[in-house]
Amino acid sequence: METPEIIGTDPAGWSLGTGGDTLFTWDYDTSAERLLSLYRKGKQKQWDAELRLDWTHEVDPGDPLGLPDEFVWIADSELWRRLPERERTTVRRHMAGWLYSQFLHGEQGALICSAKVVQTVPDLDAKFYAATQVMDEARHVEIYQRMLNTKIGIRYGLSTGLRDLLETIVRDSRWDITYLGMQVMIEGLALASFSIQRDRVGDPLARALNAYVLQDEARHVAFGRLALRDYYRELSAPELKDREDFALDACWALRDRFAGEEMWRHLDYGADECIRLARRSPAMREFRRRLFTRIVPTLRDINLFGPRMQDGLKRLGVLGFGRLDGAAISEEDERIAEEVARLEMFGRAREVADVIARGADEDEH
Ligand SMILES: [Fe+2]
Ligand SMILES: [Fe+2]
């Protein structure tokens with residue numbers, strides 16, 4: 001299976017104007033020690049999905065992610081109970097396809113936005129770090145593309161929720177909006193979704209892949225935190241209000257617009273009812289909890305947490321997440337990825353030895 005079924009994609013691609021000026025700097029004396037240490041980490045922790053993941057693993061074609069029933073958004077309903085098993089399989093396959101397609105397009109968005117950061121950010125140390133992120137995001141696009149093509153077999157177009165958000169971020173000319181939109185909001189969406197995949201699905205390839213990607217994303221959020229923290233301390237009240245409005249609008253969109261709308265229309269079991277069920281499902285509640293667990297502490301850390309922001313978060317019902325320690329959550333992501341890597345290494349030691357032995361044989365002949 002190498003060519004997936006493609007649903008709702010414009011083959012012409014998507015062309016949109018990029019906001020912001022490209023800045024050269026002649027100050028080559030890099031000095032921001034914390035950014036530089038993040039850059040060093042970014043260089044040293046690159047990994048190759050080709051080698052690090054076991055792509056020979058065969059997924060269950062009817063349920064490629066091993067989705068537990070409570071994670072099928074419509075599972076707690078009369079509609080689901082009435083669906084024959086064959087149709088349930090279709091839902092599981094399409095959910096995997098829709099979700100991983102949004103991961104794929106979101107990663108391409110991150111690739112483009114981190115390249116935009118390289119161009120528009122004034123300081124060389126930040127350009128250095130962002131360049132490592134460009135490479136990380138390219139590797140992530142590669143991974144989700146491979147997962148969709150070789151394991152899931154269904155690819156959807158970009159969802160309108162993600163499209164609107166990406167469009168605002170790419171078009172905006174202010175460098176900090178690229179950071180805020182990508183490094184805080186969309187990375188928050190990614191962290192929530194990938195951590196659910198890592199922790200809750202049954203398929204071992206999907207779990208390992210998301211654990212490794214999360215490890216990279218933890219660095220990206222740390223970059224957003226470092227870059228914005230000092231800048232937002234200096235802004236005037238009207239400038240801050242602008243950023244708060246942007247962040248709050250994005251929070252509402254992330255909360256409500258990722259329920260598989262295009263997929264439910266395509267499947268046609270009564271799209272409105274499916275979307276309504278998805279939005280109030282236990283899986284969506286867990287997604288929202290994880291989403292705001294990631295986003296709200298970061299908003300606090302970057303000093304975008306004035307009375308107006310707190311009031312907006314209260315209306316979303318998520319202000320309490322501001323008490324969590326965002327840096328500690330990122331460290332935990334790193335620890336889990338290291339652990340998965342260690343276990344996989346033991347699991348595959350035999351295979352690696354076989355490959356080395358075969359190579360040695362071929363050399364002799
Ligand atoms: Fe990524
Ligand atoms: Fe990222």
Side-chain angles (χ1 to χ4, degrees), residues 19-23 25 27 29-42 110 113-114 116-130 132-133 165 168-169 172-189 191 217-252 254 291-316 318-331:
D21 288 335
T22 296
L23 295 177
T25 175
D27 179 5
D29 297 324
T30 53
S31 57
E33 200 29 59
R34 280 208 303 249
L35 264 182
L36 287 172
S37 88
L38 209 54
Y39 168 58
R40 269 193 295 277
K41 214 167 165 189
C113 288
S114 47
K116 185 184 169 202
V117 170
V118 174
Q119 286 182 280
T120 55
V121 71
D123 303 321
L124 190 65
D125 17 34
K127 286 182 193 292
F128 275 5
Y129 173 74
T132 67
Q133 189 180 334
L165 203 50
T168 310
I169 298 169
D172 203 290
S173 60
R174 296 162 296 183
W175 66 265
D176 70 288
I177 295 287
T178 316
Y179 279 60
L180 180 60
M182 182 45 72
Q183 309 291 116
V184 180
M185 310 310 299
I186 295 190
E187 292 278 357
L189 170 71
L191 293 170
E217 305 298 4
R219 285 196 302 278
H220 305 167
V221 177
F223 176 50
R225 236 187 248 129
L226 273 180
L228 292 176
R229 192 159 48 190
D230 297 331
Y231 185 67
Y232 283 167
R233 253 189 219 122
E234 296 161 8
L235 291 189
S236 67
E239 286 171 329
L240 273 178
K241 177 181 169 296
D242 246 24
R243 274 71 179 176
E244 288 180 331
D245 286 346
F246 168 79
L248 284 169
D249 284 350
C251 280
W252 281 105
L254 294 172
L291 176 70
F292 292 112
T293 298
R294 304 291 182 151
I295 289 178
V296 182
T298 312
L299 291 173
R300 189 204 55 210
D301 289 350
I302 60 174
N303 300 307
L304 204 60
F305 212 61
R308 183 186 172 75
M309 190 66 182
Q310 295 198 25
D311 192 49
L313 293 172
K314 208 182 211 165
R315 264 180 285 128
L316 277 152
V318 299
L319 182 60
F321 292 116
R323 287 193 295 271
L324 299 174
D325 181 346
I329 297 169
S330 293
E331 276 165 31

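All residue numbers in this chain count up from 1 along the given sequence.
At most 12 heavy atoms of other shown residues, nucleotides or ligands fall within 6.0 angstrom of atom CZ in Arg34. Under a cut-off of 6.0 angstrom, the local environment of CZ in Arg233 is crowded, with over 12 non-hydrogen atoms contributed by other residues, nucleotides or ligands.
A donor-acceptor pair under 3.5 Å links the side-chain atoms of Arg300 to the main chain of Leu324, judged by distance alone. For Asp21 (side chain) and Leu23 (main-chain N/O), no donor-acceptor pair under 3.5 Å exists by modelled atom type. Of the possible polar contacts, one joining the Gln310 side chain to the Phe305 backbone as a donor-acceptor pair under 3.5 Å is found.
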Chi angles and distances behind the side chain to side chain contact (heavy atoms under 4.5 Å, CB included) call for Arg243, Tyr231:
CA-CA 12 Å; Arg243 274 71 179 176; Tyr231 185 67; 4.2 Å; yes
Applying side chain to side chain contact (heavy atoms under 4.5 Å, CB included) to Leu35 and Phe128, what does each step give before you reach the verdict?
CA-CA 9 Å; Leu35 264 182; Phe128 275 5; over 6 Å; no
In sequence, state the C-alpha distance, the side-chain angles, and the governing distance for Leu189 and Leu291, and then conclude on side chain to side chain contact (heavy atoms under 4.5 Å, CB included).
CA-CA 6 Å; Leu189 170 71; Leu291 176 70; 4.3 Å; yes
Using the rule given for side chain to side chain contact (heavy atoms under 4.5 Å, CB included), can you reason through Leu165 versus Leu254, listing the C-alpha separation, both sets of side-chain angles and the distance that settles it, and then say yes or no?
CA-CA 9 Å; Leu165 203 50; Leu254 294 172; 3.7 Å; yes
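Leu36 contributes atom CG, which lies 5.0 Å from atom CG of Asp125 (distance to the nearest 0.5 angstrom). Put simply, CG on Leu299 and CZ on Phe292 are 9.5 Å apart, with the number rounded to the nearest 0.5 Å. Once rounded to the nearest 0.5 Å, the distance linking NE2 of His220 with OH of Tyr129 reads 4.0 Å. Between the CG atom of Asp176 and the CD atom of Glu239 there is a distance of 9.0 Å, given to the nearest 0.5 Å. From Ile177, atom CD1 reaches atom OG1 of Thr168 across 9.5 Å, with rounding to the nearest 0.5 Å. Note that the CG atom of Asp230 and the CG atom of Asn303 stand 8.0 Å from one another [nearest 0.5 Å].
When all heavy atoms of Ala227 and Tyr179 are compared, the closest pair comes out as CB-CE2, 2.9 Å. Nearest heavy atom pair, residue Cys251 against residue Leu316, reads CB-CD1, 3.6 Å. When all heavy atoms of Thr25 and Pro122 are compared, the pair lying nearest together is CB-O, 3.6 Å. When all heavy atoms of Arg219 and Leu38 are compared, the pair lying nearest together is O-CD2, 4.0 Å. What you find for Ser114 and Ala130 is that their closest heavy atoms are O-CB, 4.1 Å. When all heavy atoms of Val184 and Ile302 are compared, the closest pair comes out as CG2-CD1, 4.3 Å.
With contacts defined as side-chain heavy-atom distances shorter than 4.5 Å, the pair Gln133/Gln183 qualifies. Between Leu180 and Leu304, the closest side-chain pair of non-hydrogen atoms falls below 4.5 Å. Contact annotation: the side chain of Phe321 never approaches that of Ile295 to less than 4.5 Å [non-hydrogen atoms, C-beta and beyond]. Contact of the Leu124 side chain with the Asp29 side chain is not registered, since no non-hydrogen atoms from C-beta on lie closer than 4.5 Å.
With salt bridges taken as basic N to acidic carboxylate O contacts below 4.0 Å, one links Asp172 and Arg174. Of the charged side-chain nitrogens involved, at least one lies within less than 4.0 Å of a carboxylate oxygen, so that Glu33 and Arg40 count as a salt-bridged pair. Taking 4.0 Å as the cut-off between side-chain N and carboxylate O, Lys314 and Asp311 do not count as a salt-bridged pair.
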